[in-house]
Amino acid sequence: MEIDKTYDPQRVEPHWANWWMESGIYHADVNAPGPVFSLAIPPPNVTGSLHMGHMFEHSLIDVAVRWHRMRGDNTLWLPGTDHAGIATQMLVERKLAAEGTSRQALGRVEFERRVWEWKEQYGGLIVKQMKRVGESCDWSREHFTMDEGLSRAVREAFVRLYEKGLIYRGAYMVNWCPSCQTALSDLEVVHEETQGSLWHIRYPLSDGSGFIVVATTRPETMLGDTAVAMHPEHPRARELHTKSLKLPLTDREIPIILDAMADPKFGSGFVKITPAHDPNDFEAGKRHALPSIKILDESAKMTAAAGRFAGMDRFAARKAVVAALKELDLIEKIEDYTVSLSKCSRSKTVVEPLESIQWWVKMKPLAEPAIAAVESGRTTFVPANWSKTYFEWMYNIRDWCISRQLWWGHRIPAWHCQSCHEITVSREDPTVCSKCGSADLKQDTDVLDTWFSSGLWPFSTLGWPDKTPDLAKYYPNTLLVTGFDIIFFWAARMMMFGIEFMGETPFKQIHIHGLVRDADGQKMSKTKGNVVDPLEINEKYGTDAVRFALLVSAAAGADVSFGEERLTSARNFSNKIWNASRLIFSRVGVQVPAACPKLDTLEDRWIVSRLNATAEKANRAIESHRYHEAADALWTFFWDEFCDWYLELIKLRADVPVLLWVYEQALRLLHPMMPFITEELWQRLETEAGAKLGKSISLAAYPAFAEALADTAAESEMATMQSIVTSARTIRAERKVDRKLNVPGILYAEGAAIGVARARAEAIGKLANITLELKEGKAPKLEGAVRSTPEFDLILELPEAEGERDRLIKENEQLKKVIESSDRQLANEDFINKAPEKVILTIRQKKADYEAQFTKNLAAIERSA
RNA sequence: GGGCGGUUAGCUCAGUUGGUUAGAGCGCCUGCCUUACAAGCAGGAAGUCUGGGGUUCGAGUCCCUAACCGCCCACCA
């Protein structure tokens with residue numbers, strides 16, 4: 001068979017990626033038998049393109065999915081994308097700006113049309129990329145959070161929560177992004193420590209009896225102060241609390257109030273109260289019935305209430321206010337101060353706390369059962385520790401602001417009556433007001449937080465609110481694979497909504513993976529310029545190699561430091577698989593026995609036993625989401641055992657019935673991690689009758705552990721044989737013997753070892769290029785080119801090596817340490833009494849072996865002295 | 001202010017419930033273009049498992065403590 005010398009993924013991958021899709025083999029059949037394995041993808045943002053984080057997450061998912069499918073489970077991996085409200089709207093607005101227009105200029109309807117158009121044009125990119133990298137999704141069930149079915153689900157969910165009193169509308173302090181022009185949830189605000197200042201400002205007492213000093217990080221807000229608070233226990237409380245202050249730069253008089261919020265130990269012990277622009281002060285304002293003066297508008301510009309500062313931007317106003325106060329000599333001092341700035345996670349604009357009317361979800365009643373679900377173990381986290389993070393947030397949960405003043409998203413299904421001002425919330429668009437019957441209705445202009453619709457994802461994608469067969473079969477999902485960064489945003493909300501609407505937790509397990517970092521462990525970011533593009537490296541190294549490189553370094557929950565060396569070695573591994581296949585195909589052919597053939601030779605028994613052990617390890621590892629362990633086991637098996645030993649031994653034989661069977665099984669074991677190369681090679685194989693093996697390796701059974709194939713005797717015999725070969729090679733390497741030169745050698749051994757040596761003498765001779773003579777018993781003297789182990793002495797006909805004596809002395813020093821420590825242990829009564837018998841026996845054996853070795857070495861050392 | 005991780009070979013990292021002389025990849029050293037593979041083969045060097053206490057017959061692994069690094073949460077003027 002004509003086959004390239006090096007593996008070229010580009011010649012193989014596009015074909016299979018395409019065929020997997022077109023053949024529809026990953027379509028989940030509701031009526032198929034077997035246990036269900038279902039998983040819904042964390043829907044990537046439509047605006048996005050595939051980055052390393054996706055590549056990693058999707059590799060983890062695809063391994064789990066392919067493994068379950070090969071195990072015969074009724075497997076569904078449901079793909080889809082998220083409309084990502086703010087992110088997408090920002091992108092399209094930027095594009096409009098470049099065209100010299102704006103959403104305001106276009107109007108709402110036209111803008112929405114443009115976003116849809118944009119989505120159709122560019123939104124499919126990430127999906128295309130996912131298809132190209134061979135993700136085994138059921139594309140017939142692809143969903144988008146704004147498609148018709150999901151929109152209906154969103155509406156249903158909203159109405160139900162509203163009817164239950166879990167959604168309410170009200171005026172509260174919200175995080176307002178002046179650049180996105182919308183309210184944000186607490187989660188969409190990021191806190192950043194910044195070097196700022198603490199301004200100490202003198203507020204004169206109205207009666208002219210002096211000043212009190214307040215400290216603030218935002219001096220411009222003083223224009224909206226409506227009180228100054230002091231702690232009730234403050235030493236001057238009695239004296240001051242009836243007095244009032246003359247608020248500088250204004251002609252207002254404000255009271256001094258007593259409130260425990262003022263920490264007497266902080267600063268001067270007085271705190272200014274700006275109810276309109278600070279959440280704490282907002283509450284204080286309510287407690288003390290203070291007026292609220294809004295001095296900043298939705299664009300963070302000073303309002304008319306700010307007097308001569310009106311129209312200024314908040315930061316300009318800050319400077320101007322400070323300057324004005326300085327002029328009046330009202331600045332007592334300015335301290336350097338570290339402030340925690342709240343910024344919009346999208347636009348990085350500093351958010352402004354503003355009072356505004358928004359829609360909220362009451363969270364406590366939803367959180368309680370979601371907490372219970374994890375406490376009771378109905379849903380578990382992997383790694384388990386993440387449940388702490390989940391609990392931490394859930395116990396302290398606050399109501400969720402779900403309305404956004406955006407145009408791209410699910411419009412809130414609420415209608416405001418223009419005559420009686422009643423709100424009608426409805427599944428169908430109402431024509432008349434539910435209270436007064438007026439037809440003059442206007443739909444609420446807000447849309448819902450993106451995460452509201454993603455929160456319904458595990459069941460909305462299966463047809464909810466209808467009772468579909470899909471929903472019955474695939475809900476709850478078996479597994480969720482996601483990043484820790486969206487545990488609160490997404491996982492927790494799905495838990496709450498899943499339980500609320502479906503009565504059942506949405507997934508049994510939540511696997512939280514880490515972050516893909518660069519080779520130096522730095523977070524990848526565009527500004528740092530250390531972003532690795534998966535498509536670029538997929539092209540360079542092959543998708544399988546990229547997957548394998550990610551998987552092999554992905555201990556559960558751990559971050560992955562991703563450098564090119566890892567890719568190179570993974571790429572080399574695919575090449576190794578390729579070349580082993582070349583050898584097999586050219587020497588042995590492509591016909592695979594239907595079952596494991598009869599095992600006669602040591603190496604056959606051994607490789608089958610190793611294959612079996614590897615299958616066990618791989619299954620256990622994948623099942624418990626320890627993908628790196630599976631990858632490692634497969635690497636070791638295929639490269640070190642199958643290629644380096646088994647194939648080398650096979651080359652010496654004509655009759656090889658077992659080889660193809662083991663090889664084909666190995667391809668199956670590798671398939672979930674390296675789908676392309678394994679499919680390509682597997683498709684070249686045939687049955688012994690010359691027929692195709694099957695439709696796709698991805699539908700072949702994943703090898704399972706079989707007790708009957710475990711052969712500990714073969715493993716230990718093979719270990720002896722390997723040890724003899726390695727000893728001979730080591731001697732040769734140390735003396736730099738020409739590879740082609742055959743060297744006579746004598747092997748002294750007893751017991752089992754001599755049996756192995758006899759049975760495989762020829763193979764040993766060939767692998768080490770020595771002519772082997774066997775003698776039963778111990779070597780009479782150990783000099784010359786010798787290698788000794790507890791099992792045997794091997795003497796090659798070569799002159800004594802320089803440095804051999806030093807090596808033995810060094811080895812004996814180490815042996816002595818181990819022997820002494822074994823002695824100590826064995827002399828310890830507690831150890832003998834308490835340690836399990838198995839451990840004691842092992843130590844005894846170990847000690848005996850080392851002593852024998854030590855004695856041999858010693859004899860050689862003494863003689864060479 | 002709370003919470004969670006990490007510290008193991010030159011580098012990046014593994015190390016299930018404590019139990020043989022702590023592993024891998026890359027890098028390094030030596031020798032090989034061996035009819036599958038130089039993206040390879042054979043051999044080799046390299047670690048007082050961050051420090052200090054403790055539990056235990058036995059600790060990289062469990063407990064306490066310190067240092068350093070990182071992350072998350074929080075309405076600390």
Side-chain angles (χ1 to χ4, degrees), chain A residues 3 5-7 173 186 191 198 214-218 229 261-263 266-268 270-274 278-283 337 339-340 342 353 385-386 388-389 392-393 396 484-485 487-488 515 519-521 549 552-553 555 557-566 568-587 620-621 624 626 628-629 632 635-636 643-644 647-648 651 726 729-734 736-740 768-769 814-815 817-818 821-822 824-825 828-836 838-840 842-843 845-847 849-850:
Chain A
I3 178 164
K5 193 169 167 182
T6 49
Y7 174 54
M173 207 45 131
D186 294 335
H191 303 280
L198 186 63
V214 297
T216 180
T217 55
R218 300 196 55 190
M261 76 180 276
D263 177 357
F266 185 93
S268 58
F270 297 97
V271 52
K272 59 193 267 317
I273 305 289
T274 323
D278 180 278
N280 273 325
D281 295 2
F282 179 76
E283 294 304 320
Y337 198 72
V339 288
S340 171
S342 303
N385 234 336
W386 283 109
K388 278 196 181 177
T389 305
E392 195 67 24
W393 189 69
N396 301 306
F484 57 84
D485 50 332
I487 291 180
F488 308 144
L515 216 64
D520 304 319
V552 81
S553 29
D559 289 353
V560 177
S561 290
F562 199 69
E564 299 238 348
E565 327 84 57
R566 220 159 265 265
T568 308
S569 72
R571 190 264 323 260
N572 294 354
F573 184 50
S574 14
N575 199 46
K576 189 74 186 175
I577 297 170
W578 187 254
N579 275 294
S581 308
R582 282 176 67 211
L583 173 72
I584 294 166
F585 295 169
S586 66
R587 297 265 190 113
R620 245 208 333 246
S624 48
R626 298 199 303 265
H628 67 298
E629 265 184 43
D632 184 66
W635 173 292
T636 304
C643 290
D644 289 349
L647 287 183
E648 293 306 318
K651 284 180 185 171
T726 303
R729 285 173 176 170
T730 307
I731 298 171
R732 297 180 62 117
E734 278 169 357
K736 306 205 182 358
V737 177
D738 188 317
R739 189 184 53 79
K740 294 182 199 89
N769 198 17
Q814 284 172 350
L815 285 170
K817 273 187 210 157
V818 184
S821 100
S822 310
R824 270 195 304 276
Q825 258 183 307
N828 186 329
E829 256 178 65
D830 285 328
F831 175 70
I832 301 295
N833 293 335
K834 291 179 185 171
K838 208 177 88 190
V839 176
I840 297 171
T842 315
I843 302 268
Q845 183 59 48
K846 177 180 83 176
K847 192 197 151 196
D849 286 351
Y850 293 153

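By convention in this document, chain letters (A, B, ...) are assigned in the order of the sequence lines, proteins followed by strands, and residues within each chain are numbered from 1.
Considering only side-chain atoms of A/Arg566, the nucleotide from B/G25, B/U12, B/G43 that sits closest is B/U12. Checked against B/G43, B/G19, B/C37, the side chain of A/Ala733 finds its nearest nucleotide in B/G43. For A/Leu647, the listed nucleotide lying nearest its side chain is B/A36; candidates were B/U34, B/A36, B/G43. In this structure, of B/C26, B/A39, B/C32, it is B/C26 that holds the atom nearest to the side chain of A/Glu565. Counting only heavy atoms from C-beta on, A/Thr730 has its side chain closest to B/G44 among B/G44, B/G2, B/U34. Distance from the side chain of A/Phe488 is smallest to B/C72 among B/A77, B/C72, B/C57. In this structure, the nucleotide among B/G19, B/C26, B/G43 sitting nearest to the side chain of A/Val839 is B/G19. Residue A/His191 has its side chain nearest to B/A74 when only B/A74, B/A24, B/G44 are considered. Taking every side-chain heavy atom of A/Lys576 into account, B/C41 is the closest of B/C41, B/G25, B/A77.
Between A/Arg587 and the phosphate of B/A36, there is a side-chain N or O to OP1/OP2 separation shorter than 4.0 Å. Taking side-chain N and O atoms only, A/Lys5 has a distance below 4.0 Å to OP1 or OP2 of B/A38. Between B/C4 and A/Lys388, a contact under 4.0 Å exists linking OP1 or OP2 to a side-chain N or O. A/Ser561 has a side-chain polar atom (N or O) that falls below the 4.0 Å cut-off from OP1 or OP2 of B/C13. Contact check, A/Asn575 against B/G40: no side-chain N or O comes under 4.0 Å of OP1 or OP2. Contact annotation: A/His628 side-chain N/O to B/G15 OP1/OP2 distance is under 4.0 Å. Applying the 4.0 Å criterion to OP1 and OP2 of B/G43, one finds that A/Thr726 has a side-chain N or O inside that range. In this structure, A/Tyr7 does not reach the B/A36 phosphate: none of its side-chain N or O atoms is under 4.0 Å from OP1 or OP2.
Checked by atom type and distance alone, the side chain of A/Arg732 pairs as donor or acceptor with a backbone atom of A/Asp738 at under 3.5 Å. A donor-acceptor pair under 3.5 Å links the side-chain atoms of A/Asp559 to the main chain of A/Leu515, judged by distance alone. Checked by atom type and distance alone, the side chain of A/Asn396 pairs as donor or acceptor with a backbone atom of A/Glu392 at under 3.5 Å. A side-chain donor-acceptor contact under 3.5 Å links A/Asn579 to the backbone of A/Lys5.
Residue contacts for A/Ala558: at a heavy-atom cut-off of 4.0 Å it reaches the sugar-phosphate backbone alone, with no base atom in range. Here A/Thr389 lies out of heavy-atom contact (under 4.0 Å) with every strand. Within 4.0 Å of A/Phe282, counting heavy atoms only, lies no atom of the nucleic acid at all. In this structure, A/Pro836 reaches the bases: a heavy-atom distance under 4.0 Å links it to at least one base atom across the strands shown. A/Lys736 comes within 4.0 angstrom of sugar-phosphate atoms only, judged by non-hydrogen atoms across all strands, and of no base.
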Worked verdict on A/Ile487 versus A/Trp386 for side chain to side chain contact (heavy atoms under 4.5 Å, CB included): CA-CA 9 Å; A/Ile487 291 180; A/Trp386 283 109; 3.6 Å; yes
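In terms of polar N and O atoms assigned as donor or acceptor, the side chain of A/Arg571 comes within less than 3.5 Å of the base of B/A39 in a complementary pairing. A donor-acceptor contact under 3.5 Å is not formed by the side chain of A/Glu648 with the base of B/A42.
Rounded to an integer number of Å, the gap from A/Asn280 CG to B/C75 P is 9 Å. One can place CZ of A/Arg732 at 16 Å from P of B/G31, the figure rounded to the nearest angstrom. Rounding to whole angstrom units, NZ of residue A/Lys651 and P of B/C41 are separated by 10 Å. Rounded to whole angstrom, the span from the CG atom of A/Asp644 across to the C1' atom of B/C41 amounts to 8 Å. At whole-Å resolution of the value, CD in A/Glu283 and C1' in B/A77 are 16 Å apart. In this entry the distance linking CG of A/Asp485 with P of B/G70 reads 19 Å, nearest Å. The distance between atom CD1 of A/Ile731 and atom P of B/U30, rounded to the nearest whole Å, is 22 Å. At whole-Å resolution of the value, CD in A/Glu564 and P in B/C26 are 15 Å apart.
Of the two residues contacting RNA chain B, namely A/Pro279 and A/Val818, the nearest-nucleotide position lying further toward the 5' end is that of A/Val818. Taking the nucleotide of RNA chain B with the nearest heavy atom to each of A/Gly521 and A/Thr216, the more 5' of the two is matched to A/Gly521.
Using a 4.5 Å heavy-atom cutoff, the side chains of A/Asp278 and A/Pro353 are not in contact. Using a 4.5 Å heavy-atom threshold, the side chains of A/Ile840 and A/Gln825 count as separate.
Comparing the P positions of B/G43 and B/G6 gives an interatomic distance of 36 Å, to the nearest angstrom. Separation of the P atoms belonging to B/U65 and B/C71 is 24 Å when rounded to the nearest angstrom. Using atom C1' as the reference point in both B/U7 and B/G15, the two lie 15 Å apart (nearest Å). On the C1' atoms, B/G52 is 50 Å away from B/A38, given to the nearest whole Å. Nucleotides B/U30 and B/C68, compared at atom P, are 42 Å apart to the nearest Å. Separating the P atom of B/U50 from that of B/A42 is a span of 33 Å, rounded to the nearest Å. Taking atom P on both nucleotides, B/C64 is separated from B/G3 by 13 Å, rounded to a whole Å. Comparing B/U55 with B/U61, their P atoms are spaced 15 Å from each other, to the whole Å.
Pairing partner, B/U7: B/A67, with both Watson-Crick or wobble hydrogen-bond distances short of 3.5 Å. Base pairing of B/C76: no nucleotide in any strand meets the Watson-Crick or G-U wobble criterion (both distances under 3.5 Å). B/G23: Watson-Crick or G-U partner is B/C13, with both key distances under 3.5 Å. When both pairing distances are held under 3.5 Å, B/C28 makes a Watson-Crick or G-U pair with B/G44.
Rounded to the nearest 0.5 Å, atoms CZ (A/Phe573) and SG (A/Cys643) are 8.0 Å apart.
Across all non-hydrogen atoms, the minimal contact from A/Asp632 to A/Val552 is N-CG2, 4.3 Å.
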